[in-house]
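Comments concern the structure below.
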Amino acid sequence: MGRNYKIGVIKGDGIGPEIVDEAIKVLDALSANMGFNLEYTEMLMGGAAIDETGVPLPQETIQGVKSCDAVLFGAIGGPKWDNLERHLRPESGLLSLRKEMGTFANLRPAIVYDELVNASTLKPDVVRGVDIMVVRELTGGIYFGQPRELLEDRAYNTMVYTREEVVRIAKVAFEIAMKRDKRICSVDKANVLEVSQFWRETVIEVSKDYPKVELTHMYVDNAAMQLIRNPKQFDVILTGNIFGDILSDAASMLSGSIGLLPSASTGAGVGLYEPIHGSAPDIAGQGIANPLATISSASMMLRYALGEDAAADKIDKAIKKSLAKGYRTGDLGAYDAREICSCSEIGDIIANYVSK
Ligand code: IPM
Ligand code: MG
């Protein structure tokens, strides 16, 4: 009489299938003894979908995700599809899927595991204890603004935010801050852009409902610098789509490898859970990818989409334990490693820990 959940699975391209398989291995090892059952439905998106159906986001996937409790996703893209027209590229499938699913809130934690302080390119003292949550607006801003056009001798995009869009993402950030250290730094470019001035004023309005949260503001160029100079000053970073894209990549490297960090994209309905890294076509199929970001995304899925917090805790603990014991994929390999493991060996180790 366990709890049953329907999970949409989009493996994608490059290392996508390898890393998603490891996350599923871990989920299956968990579900049996945690009293719930996961039913997976594979769906196509990105390059794999282009090869199969001619488009990056087939209608079947758009319909399919709506009947799931959550969607676990690997990564998309690769040189094979780089020369296609923009709207037919794998990336356009991902952007349309986010829009279709209404996942406007992208949560990207940047955590530095104590076991890996030496893996960062920054000094251990700078990164030890870093625990940042980047809250990135995901379905608006310059990624989606109209008009947009590529002409012969010029091209343009439009950065636009409505009050409704800013208010709803700001509320998500304030709610998260309430459960953390109660500090938000809203990042914009209000010294230059009207849309950023509007963003800032609107965030200040929302902050009035959260008197316990300390709100500060930073220009995006300064924020990029501060992330490298003194990342521990940040608790929650709230920002728009393109600034969040850039800052979350920068923040991820504090941890030592982009292969470690998960993300959750949530909104009104079904959420999308994916590692923040890309499809790494250069190492695809070699069995050397780091599956931890995807396994960690599965943990976020259990926590945020399914309310299975105890199971999520088990995954988080298992990841820490495997790192503490010195098991590393090659991307982290040189640092305090006892053993360099393959992608599937790391999956086996985590699956073994969570099944106990
Ligand atoms: C990300 C990626 C995507 C983005 C690309 C693949 C469209 O970089 O999820 O951060 O820019 O949002
Ligand atoms: Mg990105």
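We number each residue from 1, following the sequence as shown. Atoms within each ligand, like the ligands themselves, are counted from 1 in listed order.
Considering Leu88, Leu57, Leu84, Ile76 in turn, Leu84 is the only one that fulfils the side-chain contact (heavy atoms from CB on, under 4.5 Å) rule with Ile50.
With sequence neighbours excluded, no residue satisfies salt bridge (charged side-chain N to carboxylate O under 4.0 Å, His left out) with Asp69. The ring-ring contact (aromatic ring centres under 6.0 Å, His included) check on Phe104 picks up nothing, with sequence neighbours excluded.
Counted within 6.0 Å of CZ on Arg163, heavy atoms from surrounding residues, nucleotides or ligands total 12 or fewer; the atom is thus considered open. Asn4 CG: more than 12 foreign heavy atoms inside a 6.0 Å radius. For CD of Glu60, the number of neighbouring non-hydrogen atoms (other residues, nucleotides, ligands) closer than 6.0 Å is 12 at most.
A distance limit of 4.0 angstrom between heavy atoms and ligand 1 selects the residues Glu91, Arg98, Arg108, Arg136, Tyr143, Asp245.
Neighbouring protein atoms of the Mg ion (ligand 2) (N, O or S, distance under 2.8 Å, waters ignored): Asp245 OD1.
Proximity of Asn222 to Met225: side-chain heavy atoms (C-beta onward) are separated by under 4.5 Å at one or more points. Side-chain contact between His277 and Ile15 is present, with at least one heavy-atom pair separated by less than 4.5 Å. Using a 4.5 Å cut-off on side-chain heavy atoms (C-beta onward), Lys25 and Ser344 make contact.
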